[in-house]
2 protein chains.
Amino acid sequence: MTPFDKGDWKRMMNKSERTIISRRSRPAKDPLSKDLIVRTALEILKNQGLSGLSMRKIAKDLDTGPSSLYVYVKNVQELRAYVLDYGLEKVVLSDNQDGHWKDELFDVLESYQMTLYESPGIAELALTTLPIGPNSLAMIEYILQRLHAGGIHSTSAAWGVDQLFIYATSVAFEQASRKQDGTAMDSLYVSYQSVDAREYPIISSLKEELFSGEQERFRWGLEVILQGMLQMQK
Amino acid sequence: MTPFDKGDWKRMMNKSERTIISRRSRPAKDPLSKDLIVRTALEILKNQGLSGLSMRKIAKDLDTGPSSLYVYVKNVQELRAYVLDYGLEKVVLSDNQDGHWKDELFDVLESYQMTLYESPGIAELALTTLPIGPNSLAMIEYILQRLHAGGIHSTSAAWGVDQLFIYATSVAFEQASRKQDGTAMDSLYVSYQSVDAREYPIISSLKEELFSGEQERFRWGLEVILQGMLQMQK
DNA sequence: ACCTGAACACCGTTCAAGT
DNA sequence: ACCTGAACACCGTTCAAGT
């Protein structure tokens, strides 16, 4: 029995579904379950960001008190790990037979990056929370498989998949906070625009390039990592 | 006048020092200043991590109420940005004339990574807070200069420095949380050890490699990025 | 086994009032 | 100009008491 067998997960998430039928007297209020809690939490995360996600708000949305959640979840950190994996459900792992390994590799990473970009809260979560759960595992396995097809094996592949994730996650977070807040990234940009050219000559000369590029920049970064890994194998 | 001229910064950080002398009646209690607040905050961050850093605790350590801090700092987010730059003060930018660009590049990134590793709170901060301030700027300028010496210019350099920082920061954060908590990283390791070999064959076969390597792994990652950038220029 | 209320020990930020 | 106290609107987690 493994902790991440998909059946296990499903069973884990729906722990209390068996008992619904016997509760005929109060059909209006859904009974709690880990699955329901995580789905509610993800909804809040999408709408209000990571700082807006709290046990108390989840409880309120579920029309109960915060203490009720602790039957299904050990603490807020554990909840976040579940929410992250749940949020990665929509990352596309396309699997057509004649796809080229490199295209598929870049596509899945772009899909991952887009998923995070679309809900900045998930991006923030991905940055600080270790990837646990079936969706994360499926992605990692998929990427390792494509790297393998491209001739990158064993330690290089193991370390490389981490590096690719780090990069995609950080870029998504950066771009997401750029679109959302506005202020934080904008004020940084303004600062660089007026940097002292004698003290920081190269920064000053590259002040535009340092902030340029979106998807083109992301693809360039992936290419850098991949080319680097191939180069290191020689 | 530029926002990050070093003189400006010093003046900014010591705003109220001029007025000390006139306060002869209460010499026991230091008057507040941005510099004092940021230094106190950094001390708390080092000892108690990012979650232990709060306006209220800083105020308590300074023997005042939390509202007093808002004279010197707009909000907690701004304070964090200052604290981060202050925490990067000890990163070594060695500048001997006959140093090789690549050695110097790797050394400064390793020094950065070590600084974050030694206080996990700073690593956590670096992950989510944009680098503002003279220490961050000096590091970026230094790295751009070494990349330039290595033949990496303009857009490649501008995008590359970002990529190098992302990598160093993430590795430091990962390694720091591994040493501190124990639990989060350990439970992930245990999970991977018992992953279903039929469902995730490659993960299963690489379960050791996925967690192996420390400084060796970090250097490998830097080499990957650098080799990739050089390759992309051809 | 699950749910609830109340409590404990915290947060960031504001604002009127003082010097 | 700076500092203070008190208040407002929040947090995560625990625990005895209920069903």
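Computed from a predicted structure; not experimentally measured. To find a chain, count down the sequence lines: A is the first, B the second, and so on, and within it residues start at 1.
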Pair Tyr192(B) and Phe211(B), ring centroids less than 6.0 Å apart: yes

Tell me if the aromatic rings of Tyr117(B) and Phe173(B) count as close, with their centers under 6.0 Å from one another. no

Rounding to an integer number of Å, can you tell me how far [X] [atom1] sits from [N] [atom2]?
X: Leu32(B); N: dT4(D); atom1: CG; atom2: C1'; answer: 12 Å
X: Met55(B); N: dC10(C); atom1: CE; atom2: P; answer: 18 Å
X: Lys74(B); N: dT13(C); atom1: NZ; atom2: P; answer: 10 Å
X: Glu78(B); N: dT13(C); atom1: CD; atom2: P; answer: 10 Å
X: Asp63(B); N: dC3(D); atom1: CG; atom2: C1'; answer: 12 Å
X: Asn75(A); N: dT14(D); atom1: CG; atom2: P; answer: 8 Å
X: Lys57(A); N: dC11(C); atom1: NZ; atom2: P; answer: 19 Å
X: Ile37(A); N: dC2(C); atom1: CD1; atom2: P; answer: 11 Å

Most 5' of Gly65(B) and Ser54(A) on DNA chain D, judged by nearest nucleotide: Gly65(B)

Got a salt bridge between Arg217(A) and Asp162(B), using NZ or NE/NH1/NH2 to carboxylate O under 4.0 Å? yes

With a 3.5 Å cut-off and no angle check, do the side chains of Thr40(B) and Asp61(B) form a donor-acceptor pair? no

Are side-chain N/O atoms of Glu78(B) and Tyr72(B) paired as donor and acceptor at under 3.5 Å? no

Backbone N/O of Ala41(A) and side chain of Lys57(A): donor-acceptor pair under 3.5 Å: no

Donor-acceptor pair, side chain of Ser119(B) and main chain of Leu116(B), under 3.5 angstrom: no

Side-chain N,O (Thr64(B)) to OP1/OP2 (dC3(D)) below 4.0 Å: no

Does a side-chain N or O of Tyr70(B) approach OP1 or OP2 of dC2(D) to a distance below 4.0 Å, or not? no

The side chain of Val76(B) lies closest to which of these nucleotides: dC3(C), dC3(D), dT13(C)? dT13(C)

Per atom distances to the Arg56(B) side chain, the nearest of dA7(D), dC3(D), dC2(C) is dA7(D)

Base-paired stretches in DNA chain C with three or more consecutive Watson-Crick or G-U pairs, both distances under 3.5 Å, amount to C:4-8 with D:12-16, C:12-16 with D:4-8

Taking for each residue the nucleotide of DNA chain C bearing the nearest heavy atom, is the 5' side occupied by Leu53(B) or by Ser67(A)? Ser67(A)

Taking atom P in both dA9(C) and dA9(D), compute the distance separating them and give it to the nearest angstrom. 23 Å

Contact class for Lys60(A) vs. all strands (heavy atom < 4.0 Å): base, sugar-phosphate, or nothing? nothing

